Amino acid sequence: MEAIVRADIPGARIAAVVSNRADSAGLAFAARQGIETVVVAHADYAERSQFDAALRDAIDIYAPDLVVLAGFMRVLGENFVQHYAGRLLNIHPSLLPAFPGLHTHRRALAAGVKLHGASVHYVTTELDGGPIVIQAVVPVLPDDDEDRLASRVLAEEHRIYPQAVRWFVEGRLSVSEDGRVEVTGARPAVFALHLPALDVQ
């Protein structure tokens, strides 16, 4: 969220930052930037559907063109997702469709993959399964642990999420009938950085 705010994307206005946790560091950051903040605490609702409805109502006050999930760690129900269909983005710390869900860095290391990364995608009712907008790739190094790998992935998340939002604001994103995101006038939406040379023997 901070990376998107700091990107100062032309044509975009961040209307509000909404969190389910009053102690969120993101709320404090947003307030310092003069951005309105709202708390909709999930613990105040007995049912997930009730929380989803309250969250939707809080968001809709601002009539947003785009809703961006950033560090929001709760699964949203079908009604909420459908309400924002085509204007709800999320970022996930893996190269989707690999490693959806939690503990992606741990699972990547356990699987022995050589490449890992992050994906910005449209949110659908399938967990981490929506159309992919942009991805960034990082190498998995021999001495990596979860923290080192997560740190490199996070740096790329901070780069590609503002880019995805910029493309949306510029009207350059479309989703084909087969669920592929097309970016008008852009080079392929994959960034591969700092890849080690392969030692082929």
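Along the sequence shown, residues are numbered consecutively beginning with 1. Owing to the predicted nature of the structure, the values given are computational and were not obtained by experimental measurement.
Using a 4.5 Å heavy-atom cutoff, the side chains of E182 and L173 are not in contact. Between Q33 and I14 there is no side-chain heavy-atom pair separated by less than 4.5 Å. Contact of the I132 side chain with the V120 side chain is not registered, since no non-hydrogen atoms from C-beta on lie closer than 4.5 Å. Within the 4.5 Å cutoff, no side-chain heavy atoms of H83 are placed close to those of N79. Between E157 and P93, the closest side-chain pair of non-hydrogen atoms falls below 4.5 Å. Under the 4.5 Å side-chain criterion, counting only non-hydrogen atoms from C-beta, H105 is not in contact with F99. Looking at L89 and V67, their side chains never come closer than 4.5 Å, going by heavy atoms from C-beta outward. Within the 4.5 Å cutoff, the side chain of F72 has heavy atoms near those of the L55 side chain.
The structure places CD of Q163 at 15.5 Å from NE2 of H158, a figure rounded to the nearest 0.5 Å. Atom CD of Q50 sits about 11.0 Å away from atom CG of D44, to the nearest 0.5 Å. Here OH of Y122 is found 13.0 Å from CG of N90. Values are rounded to the nearest 0.5 Å. Rounding to the nearest 0.5 Å gives a distance of 12.5 Å between CD of E78 and OG of S49. Between the OG atom in S119 and the CG atom in L95 there is a gap of 5.5 Å [rounded to 0.5 Å]. D52 CG to L76 CG: the interatomic distance, rounded to the nearest 0.5 Å, is 5.5 Å.
Y84 and V123 end up in the same hydrophobic cluster when Ile, Leu, Val, Met, Phe, Trp and Tyr side chains are linked at under 4.5 Å. Placement of V75 and V40 in two distinct hydrophobic clusters is found when ILVMFWY residues are connected by side-chain heavy-atom separations under 4.5 Å, directly or transitively. Grouping the Ile, Leu, Val, Met, Phe, Trp and Tyr side chains by contacts below 4.5 angstrom, directly or via other members, places I61 with F51. Under a hydrophobic clustering in which Ile, Leu, Val, Met, Phe, Trp and Tyr are joined whenever their side-chain heavy atoms come within less than 4.5 Å, directly or via other members, I91 and V175 fall into the same cluster.
Judged by distance alone, with hydrogens and angles left aside, the side-chain atoms of R172 form a donor-acceptor pair with the main-chain N or O of G185 at under 3.5 Å. Side-chain atoms of R152 come within 3.5 Å of backbone atoms of P139 as a donor-acceptor pair (strictly under, hydrogens ignored). No donor-acceptor distance shorter than 3.5 angstrom exists from the side chain of R56 to the backbone of V81, with no hydrogens or angles considered. For R106 (side chain) and E146 (main-chain N/O), no donor-acceptor pair under 3.5 Å exists by modelled atom type. Using modelled atom types, one side-chain atom of Q135 and one backbone atom of L96 make a donor-acceptor pair closer than 3.5 Å. The backbone N or O of A118 lies less than 3.5 Å from no partner atom in the side chain of S94, so there is not a single donor-acceptor pair. Put simply, the side chain of D60 never gets that close to the backbone of A63: no donor and acceptor are under 3.5 Å apart.
Shortest non-hydrogen contact noted between A16 and I35 is CA-CG2, 3.9 Å. Summarising the geometry of V183 relative to V133, their closest heavy-atom pair is CG2-O, 4.5 Å, with the distance given to 0.1 Å. Heavy-atom minimum distance, A164 versus I134: CB-CG2, 4.0 Å. A31 and T37 make their closest contact through N-CG2, 4.0 Å (heavy atoms, listed as atom of the first residue, atom of the second, distance). Here the closest non-hydrogen pair linking R166 and P10 is NH1-CD, 3.2 Å. When every heavy atom of L127 is checked against every heavy atom of G101, the shortest pair comes out as CD2-CA, 4.3 Å.
Atom CZ of R107 is surrounded by more than 12 heavy atoms from other residues, nucleotides or ligands within 6.0 Å.
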Trace of the side-chain contact (heavy atoms from CB on, under 4.5 Å) decision for V38 with V17: CA-CA 6 Å; V38 180; V17 172; over 6 Å; no

side-chain contact (heavy atoms from CB on, under 4.5 Å) between Y161 and V68, worked out: CA-CA 9 Å; Y161 215 174; V68 179; 3.1 Å; yes

L109/L149 under side-chain contact (heavy atoms from CB on, under 4.5 Å): CA gap, chis, key distance, verdict: CA-CA 9 Å; L109 290 169; L149 184 55; 4.0 Å; yes

W167/T184 under side-chain contact (heavy atoms from CB on, under 4.5 Å): CA gap, chis, key distance, verdict: CA-CA 9 Å; W167 283 338; T184 304; over 6 Å; no

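Electrostatic pairing of R6 and E2 counts as a salt bridge here, judged by a charged N lying under 4.0 Å from a carboxylate O.
The aromatic rings of H92 and H121 sit perpendicular to each other, their planes meeting at more than 60°, with 30° as the lower class boundary.
F168 does not carry R87 over the face of its six-membered ring by the limits of under 6.0 Å from the centre and within 45° of the normal.
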